[in-house]
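Residue indices begin at 1 and follow the sequence shown.
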Amino acid sequence: MFASLPYESVVAGVLILLVGFLIHFGAQGVSVLNWDLGTRLGFQEADMPAEYKVYEHAIAVADVLVGWVYGLAGFGLILGAAWAYKLAWIPGSILVYHALSFWMWTGNARRAGVVLSTGKTPFRVTWFVLNLVTGLLALHVAWNGT
């Protein structure tokens with residue numbers, strides 16, 4: 001791949017904790033427990049069509065089911081634990097998947113005439129890049145650390 005960056009495992013750990021654990025696990029956990037509260041806090045779209053809500057709720061449940069692994073991997077990478085490099089494959093792969101599927105999902109929704117705030121350009125690009133960079137860095141660390 002490319003040359004290692006200074007403290008890349010710590011940077012990857014912090015990003016995994018912020019993007020994966022805090023947002024994907026934490027925010028989605030609030031939404032699974034109380035969808036209305038998640039909507040009021042801005043974790044979910046208020047004007048989401050009903051057929052989209054079914055999909056978004058399923059994604060929230062999936063994020064909560066796997067999100068605890070992000071916390072373990074993130075803290076482990078910050079501490080430099082050998083097992084965390086193997087565990088980093090999971091959030092790395094899922095975050096790359098999240099980035100690509102989010103980009104396609106919002107693009108398809110826009111083409112169908114449904115433009116939610118998450119599908120608008122500043123948020124869409126930022127969320128895509130944040131997930132993609134975090135995922136690729138986690139994969140890079142996992143690849144070089146195992």
Side-chain angles (χ1 to χ4, degrees), residues 1 5 7-81 83-143 145-146:
M1 287 187 103
L5 307 168
Y7 303 106
E8 67 184 3
S9 65
V10 174
V11 173
V14 169
L15 284 173
I16 289 169
L17 286 175
L18 292 175
V19 177
F21 189 70
L22 184 64
I23 297 172
H24 284 289
F25 179 72
Q28 295 287 50
V30 169
S31 297
V32 168
L33 295 174
N34 187 334
W35 191 266
D36 293 332
L37 177 60
T39 302
R40 280 196 310 275
L41 293 173
F43 302 148
Q44 303 299 332
E45 299 274 359
D47 54 349
M48 184 184 311
E51 61 271 18
Y52 283 51
K53 184 178 175 183
V54 172
Y55 172 80
E56 288 295 330
H57 188 267
I59 292 299
V61 170
D63 282 343
V64 170
L65 289 175
V66 74
W68 61 274
V69 174
Y70 300 163
L72 287 176
F75 281 119
L77 287 173
I78 290 170
L79 297 174
W83 52 264
Y85 292 92
K86 291 176 179 52
L87 197 57
W89 285 101
I90 296 171
S93 301
I94 294 172
L95 290 170
V96 169
Y97 161 79
H98 266 294
L100 298 173
S101 64
F102 172 77
W103 188 263
M104 298 305 292
W105 170 255
T106 54
N108 289 338
R110 290 168 72 147
R111 281 187 291 283
V114 178
V115 182
L116 302 169
S117 60
T118 54
K120 293 180 181 168
T121 301
F123 183 88
R124 183 176 188 228
V125 171
T126 302
W127 189 238
F128 169 76
V129 169
L130 191 57
N131 278 273
L132 186 65
V133 166
T134 302
L136 290 175
L137 181 59
L139 290 173
H140 170 73
V141 167
W143 180 270
T146 53

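- The two residues Tyr85 and Gly145 have their closest heavy-atom pair at CD2-CA, 3.6 Å.
- Separating the CZ atom in Phe102 from the CG atom in Leu132 is a distance of 12.5 Å, to the nearest 0.5 Å.
- Counting heavy atoms from C-beta outward, Trp103 and Val125 have side chains that approach closer than 4.5 Å.
- Separation of atoms CD (Glu56) and OG1 (Thr39) is listed at 10.5 Å; rounding is to 0.5 Å.
- His24 has its side chain out of reach of Val66: every pair of non-hydrogen atoms, C-beta onward, lies at least 4.5 Å apart.
- How far CD1 of Ile16 is from CG of Leu137: 7.5 Å, rounded to the nearest 0.5 Å.
- Annotation: the span from Leu37 atom CG to Ser31 atom OG amounts to 8.0 Å, rounded to 0.5 Å.
- Inter-residue side-chain proximity for Val30 and Phe43 is flagged as met; some heavy-atom pair is nearer than 4.5 Å.
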Between side-chain atoms of residues 90-98 and protein atoms elsewhere (two or more places apart, or another chain), which donor-acceptor pairs fall under 3.5 Å?
unit_1, atom_1, unit_2, atom_2, d
Ser93, OG, Trp89, O, 2.8
His98, NE2, Asp63, OD1, 2.9

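- When side chains are defined from C-beta on, Ile23 counts as touching Trp127, because their heavy atoms get closer than 4.5 Å.
- Inspection of the Gln28 and Gln44 side chains reveals an N or O donor paired with an N or O acceptor under 3.5 Å.
- For Phe21, the ring-ring contact (aromatic ring centres under 6.0 Å, His included) test picks out Phe25, with sequence neighbours left out.
- Leu18 meets the side chain to side chain contact (heavy atoms under 4.5 Å, CB included) test with Val14, Leu22; sequence neighbours excluded.
- Every residue two or more places apart in sequence or in another chain was checked for a side-chain hydrogen bond (donor to acceptor under 3.5 Å, both in side chains) with Thr134, and none qualifies.
- Residues Phe123 and Ser117 form no side-chain contact, since every pair of their non-hydrogen atoms from C-beta on lies 4.5 Å or further apart.
- For the ring-ring contact (aromatic ring centres under 6.0 Å, His included) test, no residue two or more places apart in sequence or in another chain qualifies with Tyr7.
- Residues Pro49 and Leu116 meet the side-chain proximity criterion, which asks for heavy atoms closer than 4.5 Å.
- Using a 4.5 Å cut-off on side-chain heavy atoms (C-beta onward), Trp35 and Lys53 make contact.
- Asn131 approaches Ala99 most closely through the heavy-atom pair CB-CB, 3.7 Å.
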Compile the donor-acceptor pairs under 3.5 Å between side chains in residues 68-76 and protein atoms, sequence neighbours left out, one pair per line.
unit_1, atom_1, unit_2, atom_2, d
Trp68, NE1, Leu65, O, 2.9

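- The two residues Val141 and Ala12 have their closest heavy-atom pair at CG2-CB, 3.9 Å.
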